[in-house]
Amino acid sequence: MAINTSVKHILTAGQFNKEDLENILQRTEVMEKECKSGEVKKLLTNKIVACIFFEPSTRTRLSFSAAALKLGAQIISAENAALDFSVHKGESIEDTARMILSYADLMVMRHPRAGSVSLAAEVAKKPVINAGDGGNEHPTQAVLDLYTIKKRLGRLDDLNIAFGFDPKHSRTIRSLALLLTHYKNNRFTFVCSEALAPLPEFLKDLEKRGARFEVISNLDRWQDYDIFYANRLQEERFKDKNEFEKYRRDFVITRKLVEGSKTMILDPLPRIDEIELGVDALPNALYFDQAQNGLYVRMALLLYSMGM
Ligand code: NCD
């Protein structure tokens with residue numbers, strides 16, 4: 001079945017063009033101002049937003065919920081859908097989506113299987129937003145990463161950006177790199193152990209989009225990066241837990257490495273081993289601001305999907 005393109009789903013970072021992104025980022029600025037002045041227009045009054053999570057989440061689920069509430073919508077939600085829902089009894093993702101969207105006006109969904117949120121969207125006559133599908137994509141996180149970069153550096157082109165440390169499994173790295181290919185003259189460096197290098201299909205996609213990138217296994221060029229985008233090793237995506245244990249401490253961003261450099265650090269969080277706690281107090285640490293920006297970006301994205 002094909003996806004109904006007259007409905008504004010958000011399924012992959014690759015679906016946005018530059019104009020969409022500019023509009024969403026501008027809208028996000030308005031949302032941030034409205035939140036800070038306490039005068040948010042209740043544009044989603046009488047709407048119901050469903051937040052359905054088949055995988056754990058702190059920031060994504062709560063910021064989507066807060067975003068919907070700020071805009072005047074009401075929420076129905078499942079934070080542990082894998083256990084609580086009828087899928088547990090064997091119901092398909094498509095039937096689950098049909099039911100949820102017969103009660104709600106929009107569904108935000110996270111699922112451990114790559115491609116599953118798109119399956120839900122295929123049967124949906126109302127918007128579906130991908131809040132992370134397995135190791136595939138996390139497009140709304142990528143938009144908030146973009147917003148954070150623009151806010152701090154004032155530009156989205158001419159960036160020397162590194163991504164560590166599990167580009168093989170990290171959906172946030174994939175989605176952000178895709179979005180950044182829309183902007184001129186960005187250079188990507190993937191920093192990781194050899195076994196965790198980006199998948200060849202993904203690198204091919206980047207190549208097709210004209211991106212310049214390399215894959216390396218050290219932090220020697222730390223000083224050169226405008227941004228270092230860190231993400232924990234995605235333990236839940238490793239088939240072999242011994243592998244995870246083997247690589248988990250290969251790279252750590254230490255206070256000593258960061259201090260005195262201009263390199264800004266982003267991390268979608270949760271932070272596990274990848275950034276020393278001592279880094280948090282340095283001006284380079286942007287990750288908590290980044291998480292807060294999630295609220296404003298998700299307000300803008302809910303309005304985008306609702307066609308407003
Ligand atoms: C990310 C995710 O779920 O992919 N978290 C998030 O949404 N902020 C990153 C991660 O879990 O490592």
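Whatever order the structure lists ligands and atoms in, that order sets their numbers, starting from 1. The chain is numbered in sequence order, starting from 1. Quick caveat, the model's predicted, so the values are computed rather than measured.
- Val30 pairs by the side chain to side chain contact (heavy atoms under 4.5 Å, CB included) definition with Glu34, not counting sequence neighbours.
- Of the listed residues (Gln141, Arg110, Glu55), just one forms a side-chain hydrogen bond (donor to acceptor under 3.5 Å, both in side chains) with Thr60, and that residue is Arg110.
- Contact residues for ligand 1 (protein heavy atom closer than 4.0 angstrom to any ligand atom): Thr60, Arg110, His138, Gln141, Arg171, Thr172, Asn231, Arg232, Gln234, Pro268, Leu269, Pro270.
- For His111, the ring-ring contact (aromatic ring centres under 6.0 Å, His included) partners two or more places apart in sequence, or in a different chain, are Phe54.
- A centroid separation of 6.0 Å or more is found between the aromatic rings of Phe188 and Phe213.
- Note: the hydrophobic cluster containing Ile227 does not contain Ile275 (ILVMFWY, side chain heavy atoms under 4.5 Å, direct or indirect links).
- The side-chain hydrogen bond (donor to acceptor under 3.5 Å, both in side chains) analysis of residues 18-31, with sequence neighbours excluded, yields the pairs Glu22-Tyr183.
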